[in-house]
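Remarks on the structure that follows.
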2 protein chains.
Amino acid sequence: MSQNQAMDNYSSSFFLGKHFSQFEPALKEKIAANASLREFSAGEQIMQTGQYFRSTVLIAEGRVKLYREGAAGEEFFIYYLEPGQACALSMICATRQETSQIMAKAIEPTIVLTIPIQLMDDLMREHKTWYYFVLDSYRSRFEELLTVVDNVIFKSMDERLEYYLKRQCEKLQTKQLRITHQEIANDLNSSREVISRLLKKLEQNRQISLFRNYIECHF
Amino acid sequence: MSQNQAMDNYSSSFFLGKHFSQFEPALKEKIAANASLREFSAGEQIMQTGQYFRSTVLIAEGRVKLYREGAAGEEFFIYYLEPGQACALSMICATRQETSQIMAKAIEPTIVLTIPIQLMDDLMREHKTWYYFVLDSYRSRFEELLTVVDNVIFKSMDERLEYYLKRQCEKLQTKQLRITHQEIANDLNSSREVISRLLKKLEQNRQISLFRNYIECHF
DNA sequence: CAGCCTCTGTGACAAGAATCACAAACTCCC
DNA sequence: GGGAGTTTGTGATTCTTGTCACAGAGGCTG
């Protein structure tokens, strides 16, 4: 075993201990022995639309933003993945050798744990904790996707914008959002002017304060 | 064992053989021995929004329509479930005792197989076929939900309507759709007048023919 | 400080979709 | 056949959102 791989294994255990504490020691060891680490810098793409998966992906550090891509290259924001979570799509695509229809981008320096598909059968059979984790990942992402549908179907743009801002504040753990109107418009698949106008309204209602390059929320 | 239950078991095997042929005999027997059958008449609700699940649901006969409900009671059509498919939500909610955020309605006389949650651990551990089936159910529903998002986000109402009609033809295996404009409008969360006008346009383009209470598609 | 780029604000207009109002056509049932 | 209920067609109007055009403000760099 190369020194590099020994280091990988050490680091895998570290992240497993930090963010996957519900896994029992035997499960953690098994994953650590087989997983490898991959690093991504902020802004780097982790998955492209249509890519094949050869492994299951767990987020060890950082933050990943998932988008659905439109025909003309528009990037509609779906949800974030955080440390301790798994890419639900990578788990199923992995078992079936199918392609993913989603694009993922690291928005912070990010480290992911990749587990070879071959290990899945063993993990599912031997570790109830693991299959609970897998099913729960699915359920959570599924529910999150359903709330996205809800918003798009039943809500108007001003409500969607408000929900978007609240969600950002929660996920990023801050009331100061470093983001431009154009970026928000992209995430919501709207246009900059519309977002600017709606933000102005929110400011007039004292719900937020607007500054150059960032927004302060008073939710 | 009551005669009734004996009949249930017999019938369960029958449906398992008919629509779940990928399951190996041992798996089918185990499910048949533990599952029970429930019948629903056309139009009956199978799940209500917010309901708890105590079992995993497989569709044995008929057809089930799944909706997402809006705050004002609007019912937005998500997808159909057919014989051989499982309700993905019931599998995860079952393992975690969570509530579902979806409403399901039988649109034909429908028979479902319900498998008690207690059996899940055993099935997952002992039968690779089963956990592949579970993960694949998830993947398929997830992808289907993503295409719903795509349509709502990136497409205009005329494109969504066309996609809707094609999907109905495929799923219901017919070019004659017995459906009113109002029902389509409900499924797409639009209004009857808008749908009527767009249908007229499709008719002018020779893509469909309109009749009272049904539509003939020439796709 | 001058020039350039990015970000934001705003008015005018266009397009899509929802709503209202009403009429016509079809179906069923007494 | 006549009336009631359901389904469909269509114009007029309004609302929301997207698009175009342009201006000004802030920040960076030579």
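With rounding to whole Å, B:Arg178 atom CZ is found 17 Å from D:dT8 atom C1'. Regarding A:Glu193, its CD atom lies at a distance of 10 Å from the C1' atom of D:dA21, rounded to whole Å. Counting to the nearest Å, the P atom of C:dT10 and the CD1 atom of A:Ile195 are 16 Å from each other. Computed from coordinates, the A:Leu210 CG to D:dA25 P distance equals 17 Å when rounded to whole Å. Distance, A:Glu203 CD to C:dG9 C1': 11 Å, rounded to whole Å. Look at OH on B:Tyr214: it is 12 Å from P on D:dT8, rounded to the nearest Å. Atom CG in B:Asn186 sits about 16 Å away from atom C1' in C:dA17, given to the nearest Å.
Look at A:His181 and you'll find a side-chain N or O under 4.0 angstrom from OP1 or OP2 of C:dG9. Look at B:Lys200 and you'll find a side-chain N or O under 4.0 angstrom from OP1 or OP2 of D:dG9. A:Ser190 has no side-chain polar atom (N or O) that falls below the 4.0 Å cut-off from OP1 or OP2 of D:dT17.
At a threshold of 4.0 Å, the pair A:Glu75-A:Arg68 does not count as salt-bridged, since none of the basic side-chain nitrogens sits closer than that to a carboxylate oxygen. Remark: B:Arg141 engages B:Glu144 in a salt bridge, criterion side-chain N to carboxylate O under 4.0 Å. Salt bridge present: A:Glu162 and A:Lys166 bring a charged side-chain N and a carboxylate O closer than 4.0 Å.
Residue-to-nucleotide contacts include no donor-acceptor pair under 3.5 Å from the side chain of B:Arg212 to the base of C:dT27. For D:dG9, the base has a donor-acceptor partner in the side chain of B:Arg192 [N/O atoms by modelled type, under 3.5 angstrom]. Between the side chain of B:Arg197 and the base of C:dG16, no donor-acceptor pair under 3.5 Å is found. In this model, no side-chain donor or acceptor of A:Gln182 finds a partner on the base of C:dC7 within 3.5 Å.
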Run B:Val148 and B:Tyr79 through side chain to side chain contact (heavy atoms under 4.5 Å, CB included) and show every step you take.
CA-CA 9 Å; B:Val148 169; B:Tyr79 51 66; 5.6 Å; no

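Nucleic acid contact class of B:Ser156 (heavy atoms, under 4.0 Å, all strands): sugar-phosphate only. Residue contacts for A:Phe211: at a heavy-atom cut-off of 4.0 Å it reaches the sugar-phosphate backbone alone, with no base atom in range. Residue contacts for B:Asp158: at a heavy-atom cut-off of 4.0 Å it reaches no nucleic acid atom on any strand shown.
Residue order along DNA chain C, read from the 5' end via each residue's closest nucleotide, puts A:Thr180 first among A:Thr180 and B:Lys155. Mapping A:Val194 and B:Asn213 onto DNA chain D by nearest heavy atom places B:Asn213 at the nucleotide closer to the 5' end.
With a 4.5 Å cut-off on side-chain heavy atoms, A:Tyr214 and A:Leu177 do not count as touching.
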